[in-house]
Trainee: 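Dropping a structure here in structure tokens format, bear with me for questions.
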Amino acid sequence: MTSAHWLFGDQLGPAFLAGDGDGSARSAPVVMIESRAVFRRRRFHRAKAHLVLSAMRHRAAELGDRVTYVRAETYRDGLRQAVGSEPVTVRHPTSRAALGLVRSLDNVTVLPPRGFLVGHEDFAAWAHGHRGDSLRLESFYRRVRRDHDLLMDGGEPAGGRWNLDHDNREPPPKDARTLGAPSPYRPREDDIDAEVRHDLDRWERDGDVSFVGRDGPRMFPADRREALAALRRFVTHRLAGFGAHEDAVLADDDAMSHSLLSSSLNLGLLDPAECVERAEAAWRAGDAPLNSVEGFVRQIAGWREYVWQLYWYFGEEYRTSNALRHTAPLPDWWNDLDADAVTARCLATVLRQVRDTGWTHHIPRLMILGSHALQRGWDPAAVTDWFHRCFVDGYDWVMLPNVVGMSQYADGGRMTSKPYTSGGAYIDRMSDLCGPCRYRPDRRVGADACPFTAGYWNFLDRHRGTLAHNPRVSRVLGGLDRLKDLSALLEQERDRGDGPP
């Protein structure tokens with residue numbers, strides 16, 4: 001008798017069922033489990049809960065009689081209901097908690113992971129070759145490009161350069177409210193979405209669970225067909241304009257030319273190889289410029305792979321990293337996504353995007369949301385949890401390195417070479433958010449002082465001892481003692497506290 005195969009809710013594409021001699025059978029019966037405890041334990045964004053449940057139920061509908069779909073309190077309860085003590089296989093889960101669970105069950109065989117380009121052993125060999133300390137993205141990214149023959153011309157990078165970031169840091173077009181890019185793919189809801197929304201309404205009404213954010217019409221793919229349509233639309237209509245302005249922000253154009261494929265990749269609906277291969281094919285056909293294609297390939301074959309690998313390589317102790325000793329709790333206005341309480345236009349705009357959609361692109365995440373949390377000294381574990389819960393593409397493996405390492409510098413530089421935070425001048429240069437704001441990006445003290453400008457200098461003063469030996473920060477630290485209004489600035493920021501700026 002063929003063992004059943006257990007699919008987690010982020011293993012929904014065909015690759016997670018295909019048998020290839022590693023212990024899975026192509027025709028194996030399938031088990032899927034909805035665990036109510038997952039939603040009881042944490043206050044997830046309502047749109048995220050909707051997307052995950054819709055995607056799981058869409059996959060179950062595709063599998064038909066082949067799947068046993070169980071709604072249970074816990075995964076253990078659900079597996080017991082589905083198969084009793086009969087043996088099952090499962091692909092390596094994407095979180096340490098889930099991996100610990102499946103390894104603790106005597107009847108479960110864990111198979112190698114799918115959905116990524118690089119194996120753990122290959123990454124470990126690369127990391128050991130770097131003595132485990134200087135694990136920077138650029139070196140890893142070049143290794144992936146070579147190993148997978150991505151954007152390569154023989155042994156050299158296409159176009160002669162590995163990194164086209166310099167071409168991809170343009171501010172938004174002056175006086176433009178949007179980039180004018182073709183609109184992204186948007187799915188149409190169906191009866192499964194209606195059922196999911198009804199169930200979520202009932203759970204909230206019964207006091208069973210609590211969500212944050214809004215659940216408008218579903219914005220992101222919930223099945224393989226929709227995900228492929230989203231990929232096709234991006235590559236055909238939006239990829240060409242992606243590169244130059246990928247770091248820019250426009251208040252009225254949250255999607256700009258971004259792919260919006262992260263949730264589909266992280267649900268397993270798309271495979272990273274097919275995404276980067278289609279992008280490269282567009283460049284070779286003359287349909288997209290190299291800087292746009294390289295930027296997209298870097299996001300998926302570079303950064304996404306890098307984050308996945310660091311999650312496992314650094315170990316569970318990485319979760320408690322707190323090199324800057326930040327311990328302040330997240331304020332209620334932040335936890336509740338109360339954008340209307342915020343005066344600073346940049347933060348209000350981005351928080352509103354998260355509230356309404358569960359998504360915003362990487363620069364608002366890093367340089368507005370993450371930067372504000374870093375400047376205020378909030379507990380990095382709480383910030384990580386918030387990003388995990390409030391973003392449709394957020395999973396433990398995604399957010400732990402991204403927030404602890406990249407955003408909050410809580411690992412002291414194991415992942416990045418400096419804290420990623422700035423004053424209002426950066427936001428003003430790369431967005432249209434500052435013009436109508438009551439705060440001025442060039443003011444650090446006074447009623448119109450920009451919270452990011454004042455917060456930046458306050459952060460540097462608070463951590464000048466820790467950062468003094470960082471070559472990428474030391475020169476800026478020298479400017480602190482030249483600020484004649486530093487004492488007034490520090491007092492102002494103490495008085496500001498953690499209220500909405």
Trainee: Would Asp201 and Arg46 count as a salt bridge (Lys or Arg N to Asp or Glu O under 4.0 Å) if you check the C-alpha gap in whole Å, the side-chain angles of each, and the deciding distance to 0.1 Å?
Mentor: CA-CA 10 Å; Asp201 286 343; Arg46 168 74 186 244; 2.9 Å; yes
Trainee: Could you go step by step and tell me if Tyr318 and Asp411 meet the side chain to side chain donor-acceptor pair (under 3.5 Å) rule?
Mentor: CA-CA 7 Å; Tyr318 191 76; Asp411 66 357; 2.7 Å; yes
Trainee: Between Phe8 and Trp6, is the ring centre distance below 6.0 Å?
Mentor: yes
Trainee: At their closest point, which heavy atom of Leu51 faces which heavy atom of Ser263, and how far apart are they?
Mentor: CD2-CB, 4.0 Å
Trainee: Taking the six-membered ring for Trp, are His258 and His361 parallel (under 30°), tilted (30 to 60°) or perpendicular (over 60°)?
Mentor: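 Rings of His258 and His361: parallel, as their planes differ by under 30°.
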Trainee: Could you check whether any side-chain N or O of Arg136 sits under 3.5 Å from a backbone N or O of Met415, counting only pairs where one atom can act as donor and the other as acceptor?
Mentor: yes
Trainee: Quick one: closest heavy-atom pair of His388 and Gly394, and the distance?
Mentor: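 What the structure gives for the nearest pair is CD2-O, 3.5 Å.
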Trainee: Side chains of Tyr426 and Phe452: does their closest heavy-atom pair fall under 4.5 Å?
Mentor: no
Trainee: Can you measure from NE2 (His50) to CD1 (Ile192) and round to the nearest 0.5 angstrom?
Mentor: 10.0 Å
Trainee: Could you pull out all residues at least two apart from Asp356 that satisfy salt bridge (Lys or Arg N to Asp or Glu O under 4.0 Å)?
Mentor: Arg214
Trainee: Between OG1 of Thr74 and CZ of Arg41, what distance do you get to the nearest 0.5 Å?
Mentor: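 Nearest 0.5 Å value for the OG1-CZ distance: 9.0 Å.
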Trainee: May I ask you to decide if Ser431's main-chain N or O and Asp428's side chain share a donor-acceptor pair within less than 3.5 Å?
Mentor: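 No; zero donor-acceptor contacts below 3.5 Å.
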Trainee: Take Asn266 and Arg304, measure what side chain to side chain donor-acceptor pair (under 3.5 Å) needs, and give me the verdict at the end.
Mentor: CA-CA 10 Å; Asn266 295 349; Arg304 184 175 185 270; 3.2 Å; yes
Trainee: Aromatic ring centroids of His92 and Trp312 under 6.0 Å?
Mentor: yes
Trainee: Does any part of the side chain of Trp334, heavy atoms only, come nearer than 4.5 Å to the side chain of Leu347, both counted from C-beta?
Mentor: yes
Trainee: Verify, without hydrogens or angle tests, whether Asp206 (side chain) and Asp208 (backbone) share a donor-acceptor contact under 3.5 angstrom.
Mentor: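 No, because the side chain of Asp206 does not come within donor-acceptor range (under 3.5 Å) of the backbone of Asp208.
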Trainee: What about Tyr306 and Tyr141, are their ring centers closer than 6.0 Å?
Mentor: no
Trainee: Any carboxylate oxygen within less than 4.0 angstrom of a Lys/Arg side-chain nitrogen, looking at Asp223 and Arg59?
Mentor: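 Between Arg59 and Asp223 there is no salt bridge, as every charged N stays at least 4.0 Å from the carboxylate O atoms.
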Trainee: Which pair of non-hydrogen atoms, one from Ile300 and one from Cys275, has the smallest distance, and what is that distance?
Mentor: CD1-CB, 3.9 Å
Trainee: Could you walk me through whether Ser292 and Arg238 satisfy the side chain to side chain donor-acceptor pair (under 3.5 Å) test, starting with their C-alpha distance in whole Å, then the side-chain angles of each, then the deciding distance to 0.1 Å, before giving a yes or no?
Mentor: CA-CA 10 Å; Ser292 288; Arg238 294 167 55 79; over 6 Å; no
Trainee: Once rounded to the nearest 0.5 Å, what's the spacing between atom CZ of Arg57 and atom CG of Leu12?
Mentor: 13.0 Å
Trainee: Would you check if Leu374 and Ser407 make a side-chain contact, meaning some heavy-atom pair closer than 4.5 Å?
Mentor: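 Sidechains of Ser407 and Leu374: no contact.
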Trainee: Taking it one step at a time, do Phe116 and Trp397 satisfy ring pair (Phe, Tyr, Trp, His ring centres under 6.0 Å)?
Mentor: CA-CA 13 Å; Phe116 297 90; Trp397 72 267; 5.2 Å; yes
Trainee: For a 4.5 angstrom cut-off between non-hydrogen side-chain atoms, does Val392 reach His45?
Mentor: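 Result no, sub-4.5 Å side-chain heavy-atom pair not found.
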Trainee: Do Glu195 and Arg71 sit within salt-bridge range, that is, some charged N less than 4.0 Å from a carboxylate O?
Mentor: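 Yes, this pair counts.
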Trainee: Between Phe296 and Phe234, does the ring centre distance come in under 6.0 Å?
Mentor: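 Between Phe296 and Phe234, the centre distance is under 6.0 Å.
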Trainee: Could you walk me through whether His198 and Trp203 satisfy the ring pair (Phe, Tyr, Trp, His ring centres under 6.0 Å) test, starting with their C-alpha distance in whole Å, then the side-chain angles of each, then the deciding distance to 0.1 Å, before giving a yes or no?
Mentor: CA-CA 9 Å; His198 177 269; Trp203 297 353; over 10 Å; no
Trainee: Taking the side chain as every heavy atom from C-beta outward, state whether Val144 and His148 have any atom pair closer than 4.5 Å.
Mentor: yes
Trainee: Given Tyr69 and Glu34, is the side chain to side chain donor-acceptor pair (under 3.5 Å) satisfied, shown in steps?
Mentor: CA-CA 8 Å; Tyr69 194 91; Glu34 266 188 33; 2.6 Å; yes
Trainee: Say you draw a straight line from CZ of Arg278 to CG of Leu270; how long is it, rounded to the nearest 0.5 Å?
Mentor: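 Going from the CZ atom of Arg278 to the CG atom of Leu270 covers 8.5 Å.
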Trainee: Would you check if the side chain of Arg440 reaches a backbone N or O of Cys437 as a donor-acceptor pair within less than 3.5 Å?
Mentor: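 Checking the backbone N and O of Cys437 against the side chain of Arg440, a donor-acceptor pair under 3.5 Å is found.
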Trainee: Please determine whether a side-chain nitrogen of the Lys or Arg among Arg365 and Asp393 lies less than 4.0 Å from a carboxylate oxygen of the Asp or Glu.
Mentor: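 Looking at Asp393 together with Arg365, the answer is yes, because their closest N to O distance falls below 4.0 Å.
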Trainee: Identify whether the distance between the nearest side-chain nitrogen and carboxylate oxygen of Glu62 and Arg224 falls below 4.0 Å.
Mentor: no
Trainee: Which heavy atom in Glu305 sits nearest to a heavy atom in Leu117, and how many Å separate them?
Mentor: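 Scanning both residues, the minimum pair turns out to be OE2-N, 2.7 Å.
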Trainee: Could you go through residues 323-330 and list every donor-acceptor pair under 3.5 Å that involves a side-chain atom there, pairing it with any protein atom two or more places apart or in another chain?
Mentor:
from   : atom 1 : to     : atom 2 : distance (Å)
His326 : NE2    : His463 : NE2    : 2.8

Trainee: Met367 vs Ile363, test: side-chain contact (heavy atoms from CB on, under 4.5 Å). Steps then yes/no.
Mentor: CA-CA 5 Å; Met367 298 307 296; Ile363 292 299; 4.3 Å; yes
Trainee: Could you check, using the six-membered ring where one of them is a Trp, whether Trp378 and Trp386 have ring centers closer than 6.0 angstrom?
Mentor: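 For Trp378 and Trp386, the ring centres are not under 6.0 Å apart.
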Trainee: Say you draw a straight line from CG of Leu231 to CG of Leu265; how long is it, rounded to the nearest 0.5 Å?
Mentor: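 It is 8.5 Å, given to the nearest 0.5 Å.
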Trainee: So, is the end of the Arg345 side chain (NZ or CZ) under 6.0 Å from the ring centre of Tyr439 and within 45° of the ring's axis?
Mentor: no
Trainee: Using the side chain to side chain contact (heavy atoms under 4.5 Å, CB included) rule, pick out the option among Arg91, Arg66, Arg114 that qualifies with Leu17.
Mentor: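 Passing option: Arg66.
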Trainee: Regarding Lys48 and the six-membered ring of Phe387, is the cationic atom NZ or CZ under 6.0 Å from the ring centre and inside 45° of its axis?
Mentor: no
Trainee: Taking all atoms of both residues into account, what is the closest heavy-atom pair of Thr416 and Gly405, and its distance?
Mentor: OG1-O, 3.6 Å
Trainee: Does CZ belonging to Arg188 count more than 12 external heavy atoms closer than 6.0 Å?
Mentor: no
Trainee: Can you name the residues that form a salt bridge (Lys or Arg N to Asp or Glu O under 4.0 Å) with Asp252, not counting sequence neighbours?
Mentor: Arg177
Trainee: Taking 4.0 angstrom as the limit, do Glu226 and Arg218 come out as a salt bridge?
Mentor: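 Between Arg218 and Glu226 there is a salt bridge, with a charged N closer than 4.0 Å to a carboxylate O.
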Trainee: Show the nearest heavy-atom pair for residues Met430 and Arg169, with the distance to one decimal.
Mentor: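 Looking at all heavy atoms of both residues, the closest pair is CE-O, 3.7 Å.
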Trainee: Is there a donor-acceptor contact under 3.5 Å from the side chain of Asp199 to the main chain of Val196?
Mentor: no
Trainee: So, does Ser95 use its side chain to make a donor-acceptor pair with the main chain of Asp396 at under 3.5 Å?
Mentor: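 Such a contact is absent between Ser95 side chain and Asp396 backbone.
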Trainee: Flag the pair Arg43 / Asp336 as yes when at least one side-chain heavy-atom distance between them is below 4.5 Å, and no otherwise.
Mentor: yes
Trainee: Checking Arg96 against Tyr311: charged group under 6.0 Å from the ring centre and within 45 degrees of the axis?
Mentor: yes
Trainee: Any salt bridge between Asp385 and Arg389, counting N to O under 4.0 Å?
Mentor: yes
Trainee: Mind checking the CD-OG1 spacing from Gln375 to Thr421? Nearest 0.5 Å is all I need.
Mentor: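 Gln375 atom CD to Thr421 atom OG1 measures 3.5 Å (nearest 0.5 Å).
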Trainee: Is any side-chain heavy atom of Pro401 closer than 4.5 Å to a side-chain heavy atom of Gln309?
Mentor: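 Result no, sub-4.5 Å side-chain heavy-atom pair not found.
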Trainee: Mind checking whether Leu164 and Asp167 have side chains closer than 4.5 Å, heavy atoms only?
Mentor: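 Counting from C-beta outward, Leu164 and Asp167 do come under 4.5 Å.
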